[in-house]
Amino acid sequence: MPARLNKKSTLAQLGEFGFIEWIKKNTTVSGSVIKGIGDDAAVIALTEKKRILLTTDMLLEDVHFTLKMPIGKIGYKAIAVNISDIAAMGGVPKYILVSLGVPARTRARWIFDLYQAMHQTALKFGTCLVGGDTIRSDKTIINIAMMGESQKDKIIFRSGARPQDKIFVTGKLGNSFKSGRHLSFTPRVKESQYLVKYFKPTAMIDVSDGLLGDLGHILQESHVSAILNENKIPRQPSATLENALYDGEDFELLFTLSALDSQRLRKIKTPFSFYPIGEIIKGTGQIFLRNEKGVLRNYCPKSYTHF
Ligand SMILES: [Mg+2]
């Protein structure tokens, strides 16, 4: 337990990231674990060259969705957020376990429709549902665990960004909740596969907590800082700069490329949108925003936290 906490301390005081730090310090992993906690997915060595990726995500009624939302969209989102995490590692999503907590009064039709939506979404992205668990609970909980795969040399961690690398994002940011896009976004699997096939991204993450928050994770894991060009950050219609910087759940990929790879990407025609938004500099996790006049402001990489 960290020094500033005592026996009566709550999770709210510890914080989500404090809790994750505690788990990291108090657990050990076996030799085949390449990456445990601290990235978009865990990475396990299956053979000399083959890697398995594991990720999981939980959605809770009235926190992440309400029963009034269209059931198809809830099912879609539950699967798509996990696919996005596999894409953020440069991996190919493969198999899905679905665990549900539901009140006994839940209509069977609702569950069937939820499964149909998840099944269709899984198929759409080349994956399939292979098992899970169902329990009774006071509120509806949907937990998805996903397995993906990758070749050893194609995996992209958060920790590889180096000074002079350029920073890119795969799409426009901001207003995801207001516009309802958080329920219908396309996880960037194709973009990710294109990048790992033709380039060598040095770090990658999906934007779930907000641009500054998720860039903060890359900077922290890579031990570097960053400058973002304010007017280069692509924004969704009617999104302000603040929306683009802080809103969560855009599920675009945020990645870094060496200066050489970056030049190559900007020169060739690609079937996708890759927006250059800044560069990595030496430092300790700070983010600076450069306006049109070249003035730099120091920004705080705050992001959504669950407690
Ligand atoms: Mg992620």
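Any value given below was found using the heavy atoms of this structure, including those in side chains, with hydrogens, waters and symmetry copies removed.
Using a 3.5 Å distance cut-off with no hydrogens or angles, the side chains of Ser238 and Asn175 do pair a donor with an acceptor. With hydrogens and angles left out, the side-chain atoms of Asp165 and Ser258 include no donor and acceptor closer than 3.5 Å. In the model, Asp40 has no side-chain atom that pairs as donor or acceptor with a side-chain atom of Thr55 under 3.5 Å. Side-chain N/O atoms of Thr140 and Glu61 include a donor and acceptor closer than 3.5 Å. A donor-acceptor pair shorter than 3.5 Å cannot be found between the side chains of Ser222 and Ser159.
A salt bridge links Glu230 with Arg297; the closest basic N to acidic carboxylate O contact falls under 4.0 Å. We find that Asp247 and Lys178 are not joined by a salt bridge, their nearest charged nitrogen and carboxylate oxygen being 4.0 Å or further apart. Using a 4.0 Å cut-off between charged side-chain N and carboxylate O, Lys77 and Glu249 make a salt bridge.
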- request: Determine, step by step, whether Thr170 and Glu191 satisfy the side chain to side chain donor-acceptor pair (under 3.5 Å) criterion, reporting the C-alpha distance in whole Å, the side-chain angles of both residues, the deciding distance to 0.1 Å, and the verdict.
  value: CA-CA 8 Å; Thr170 53; Glu191 286 81 349; 5.9 Å; no

field: Asp214/Arg158 under salt bridge (charged side-chain N to carboxylate O under 4.0 Å, His left out): CA gap, chis, key distance, verdict
entry: CA-CA 10 Å; Asp214 286 311; Arg158 295 176 179 178; 5.5 Å; no

task: Show your reasoning for whether salt bridge (charged side-chain N to carboxylate O under 4.0 Å, His left out) applies to Asp62 and Lys139.
output: CA-CA 8 Å; Asp62 293 336; Lys139 286 200 170 191; 2.9 Å; yes

Phe272/Arg188 under side chain to side chain contact (heavy atoms under 4.5 Å, CB included): CA gap, chis, key distance, verdict: CA-CA 10 Å; Phe272 308 109; Arg188 301 304 189 189; over 6 Å; no

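Expressed to the nearest 0.5 Å, how far CG of Asp261 lies from CZ of Arg266 amounts to 13.0 Å.
Among Lys50, Lys154, Lys49, the single residue meeting the salt bridge (Lys or Arg N to Asp or Glu O under 4.0 Å) criterion with Glu149 is Lys50.
A perpendicular orientation is assigned to the rings of Phe185 and Tyr76, their planes being inclined by more than 60° (bins at 30° and 60°).
Between Phe112 and His119, the gap from one ring centroid to the other reaches at least 6.0 Å.
Not a single donor-acceptor pair under 3.5 Å links the side chain of Asp206 to the backbone N or O of Ser208.
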